[in-house]
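Structure, as structure tokens:
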Amino acid sequence: MAQGVMVIAEQRDGEIRKVSYEVVSEGKRLADKMGWKVTAVLLGQGIKEKAAKLGHYGADKVIVVDDTKFAAYTTDAYVAKITDIVKAEDPAFLIMGASVQGKDLGARLSARLGVGMAQDCTALEVDNGNLTAIRPIYAGKAYAKVGFSDKRPHMATTRPNVMAMNEPDSSRSPEIVDADLSMDESALKTRVAEVLRDATGKVDLTEADKIISGGRGMKGPEHFNILEDLAAAIGASVGASRSAVDAGWRPHADQVGQTGKVVSPNLYIACGISGAIQHLAGMSTSKVIVAINKDQDAPIFQRADYGVVDDLFKVVPALTEEVKKISH
Ligand SMILES: Cc1cc2nc3c(=O)[nH]c(=O)nc-3n(C[C@H](O)[C@H](O)[C@H](O)COP(=O)(O)OP(=O)(O)OC[C@H]3O[C@@H](n4cnc5c(N)ncnc54)[C@H](O)[C@@H]3O)c2cc1C
């Protein structure tokens with residue numbers, strides 16, 4: 001009978017991504033309720049020495065798939081290998097992060113395994129051995145509680161930055177197992193030829209702890225420097241609304257919202273952003289939302305924890321000055 005929680009860890013350039021520790025922690029919380037074990041699967045190249053760290057967050061066992069074929073993510077290689085592992089291990093639950101990679105991988109895996117999946121969940125629970133998941137629907141206007149049919153594993157992806165991370169315990173050492181690397185390579189249709197990096201080396205918005213976003217109220221690309229200054233002072237990343245991106249003021253990678261990135265930082269400061277439903281869809285699970293807008297009726301204030309009704313060109317530089325005073 002299927003039992004245990006399996007989580008798929010994610011790495012980039014050989015470094016395990018934060019979302020992996022979140023899913024391991026969540027997996028551990030669910031497994032404890034059932035007296036189950038947590039098995040993490042880590043794919044990459046030269047990553048075996050990193051596997052132990054997944055144990056610090058709650059993995060009892062880590063299956064390491066270490067080979068050049070898995071150095072960079074490709075859907076077909078990852079899906080083929082993880083499908084074999086899932087069939088051999090027969091977990092009750094299969095969880096991964098709802099990152100760009102996790103959303104793609106999860107969708108293909110669920111089709112390959114012939115099971116249902118809840119994407120981009122903000123809460124998971126175990127009920128009598130069955131997984132239940134809470135996920136935003138209608139662009140974040142409502143939350144749905146979903147359950148699964150009897151078929152195992154019950155699959156879910158979790159929104160990055162939402163699940164609480166366990167305190168790492170370096171005295172926990174997981175069993176580390178090398179996966180069988182054999183596979184039918186004729187089924188691999190894609191190969192990563194080259195990875196082109198963002199030269200700025202910015203933190204990916206989905207992993208940022210603090211985000212300051214600018215919208216049409218910024219009035220032009222030349223004014224984003226005031227957001228960059230505040231971001232530098234508080235250690236934040238800069239995002240944007242679609243209007244700012246469509247106007248060519250910011251790159252698409254900075255767009256937050258339904259057709260951009262979905263983010264859940266600890267602090268989200270929206271500057272000159274009205275708060276359209278499609279923007280809220282991307283940031284409404286942020287822990288603390290601050291809005292700076294000169295229109296007191298802007299819908300963003302309905303979601304904001306703190307609001308400043310004023311001209312952002314006055315407020316943002318003043319805020320930066322105050323932060324600098326405190327931090328010196
Ligand atoms: C299918 C679809 C998908 C979409 N996806 C996204 C998405 O992913 N992300 C997204 O953001 N949008 C998305 N949109 C667009 C969305 O509907 C809004 O048009 C957009 O979010 C508005 O951007 P904004 O708030 O920057 O601009 P506006 O709505 O024009 O708001 C600008 C705000 O700035 C304020 N302001 C102006 N000057 C100042 C000042 N000096 N000081 C303080 N405040 C000032 C104004 O009061 C106003 O509230 C999508 C739309 C559709 C139809």
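Within 6.0 Å of NZ on Lys33 lie more than 12 heavy atoms contributed by other residues, nucleotides or ligands.
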* Decide side chain to side chain contact (heavy atoms under 4.5 Å, CB included) for Thr206 and Val262; before the verdict, give the C-alpha distance in whole Å, the side-chain angles of both, and the deciding distance to 0.1 Å. => CA-CA 7 Å; Thr206 58; Val262 176; over 6 Å; no

* Test side chain to side chain contact (heavy atoms under 4.5 Å, CB included) applied to Met283 and Ile300, step by step -> CA-CA 11 Å; Met283 43 62 77; Ile300 190 80; 4.1 Å; yes

* Taking it one step at a time, do Asn161 and Lys287 satisfy side-chain hydrogen bond (donor to acceptor under 3.5 Å, both in side chains)? -> CA-CA 9 Å; Asn161 275 348; Lys287 314 286 183 304; over 6 Å; no

* List the steps and the verdict of side-chain hydrogen bond (donor to acceptor under 3.5 Å, both in side chains) for Thr157 and Gln119. => CA-CA 5 Å; Thr157 64; Gln119 195 75 278; 2.7 Å; yes

* Might you work through the side chain to side chain contact (heavy atoms under 4.5 Å, CB included) test for Leu181 and Val65, ending with a clear yes or no? => CA-CA 7 Å; Leu181 294 175; Val65 187; 3.8 Å; yes

* Residue pair Lys48, Asp178: steps toward the salt bridge (Lys or Arg N to Asp or Glu O under 4.0 Å) verdict -> CA-CA 9 Å; Lys48 191 169 178 187; Asp178 289 313; 3.0 Å; yes

* Asked: Which is it for Arg135 and Thr122 under the side chain to side chain contact (heavy atoms under 4.5 Å, CB included) test, yes or no, and what are the steps along the way?
  -> CA-CA 6 Å; Arg135 56 183 302 271; Thr122 52; 5.8 Å; no

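Taking NZ from Lys261 and OG from Ser237, the interatomic distance works out to 10.0 Å, rounded to the nearest 0.5 Å. Taking CD1 of Ile292 as the reference point, atom CZ of Phe313 lies at 11.0 Å (rounded to 0.5 Å).
Scored by the ring-ring contact (aromatic ring centres under 6.0 Å, His included) test, Trp249 finds no partners at all (sequence neighbours excluded).
No donor-acceptor pair closer than 3.5 Å links the side chain of Asp254 to the backbone N or O of Ala240. Of the possible donor and acceptor atoms, one in the side chain of Asp295 sits under 3.5 Å from a partner among the backbone N and O of Asp297. Panel note: side chain Asp76, backbone Lys189; a donor-acceptor pair is recorded below 3.5 Å. With hydrogens and angles disregarded, a donor-acceptor distance shorter than 3.5 Å links the side chain of Ser25 to the backbone of Asn166.
Using a 4.0 Å cut-off between charged side-chain N and carboxylate O, Lys69 and Glu185 make a salt bridge. Between Arg172 and Asp60 there is a salt bridge, since a side-chain N of the basic residue sits under 4.0 Å from a carboxylate O of the acidic one. By the 4.0 Å N-to-carboxylate-O rule, Lys53 lies too far from Glu15 to be salt-bridged with it. The pair Glu228-Arg250 meets the salt-bridge criterion, with a side-chain N (NZ, NE, NH1 or NH2) lying under 4.0 Å from an Asp/Glu carboxylate O. A salt bridge links Arg17 to Glu10: one of the charged nitrogens lies within less than 4.0 Å of a carboxylate oxygen.
Using a 4.5 Å heavy-atom threshold, the side chains of Glu89 and Ile63 count as touching. No side-chain heavy atom of Thr158 sits less than 4.5 Å from a side-chain heavy atom of Glu22. In this structure, the side chains of Met96 and Met155 come closer than 4.5 Å at one or more pairs of heavy atoms. Two residues are said to be in side-chain contact when any heavy atoms from C-beta on lie closer than 4.5 Å; Pro174 and Val62 meet this criterion. No side-chain heavy atom of Lys210 sits under 4.5 Å from any side-chain heavy atom of Asn266. Using a 4.5 Å heavy-atom threshold, the side chains of Ile226 and Met218 count as touching. Looking only at side-chain heavy atoms (C-beta outward), Leu43 and Asp67 stay at 4.5 Å or farther from each other. Counting heavy atoms from C-beta on, the side chains of Leu227 and Cys271 come closer than 4.5 Å.
The aromatic rings of Phe93 and His154 lie parallel to each other, with less than 30° between the two planes, well short of the 60° mark.
Paired with Val256 under the rule side-chain contact (heavy atoms from CB on, under 4.5 Å), one option of Leu280, Ile273, Val263 passes, and it is Val263. Checked options Val7, Leu113, Val41; the residue passing with Leu94 is Leu113 (criterion: side-chain contact (heavy atoms from CB on, under 4.5 Å)).
Residues Thr285 and Arg159 have side chains that bring a donor and an acceptor to within less than 3.5 angstrom of each other. Arg242 and Thr259 are linked by a side-chain donor-acceptor pair at a separation below 3.5 angstrom, with hydrogens and angles left out of the test. Of the N and O atoms on the side chains of Thr75 and Asp104, at least one donor lies less than 3.5 Å from an acceptor on the other residue. A donor-acceptor contact under 3.5 angstrom links the side chains of Ser213 and Tyr268, judged on distance only. Side-chain polar atoms of Thr132 and Asp127 form no donor-acceptor pair below 3.5 angstrom.
Cluster annotation: Ile211 is not connected to Val288 through the hydrophobic network of ILVMFWY side chains, with a link wherever side-chain heavy atoms come within less than 4.5 Å.
Residue pairs meeting the ring pair (Phe, Tyr, Trp, His ring centres under 6.0 Å) criterion with at least one partner in residues 2-27, sequence neighbours excluded, are Tyr21-Tyr57.
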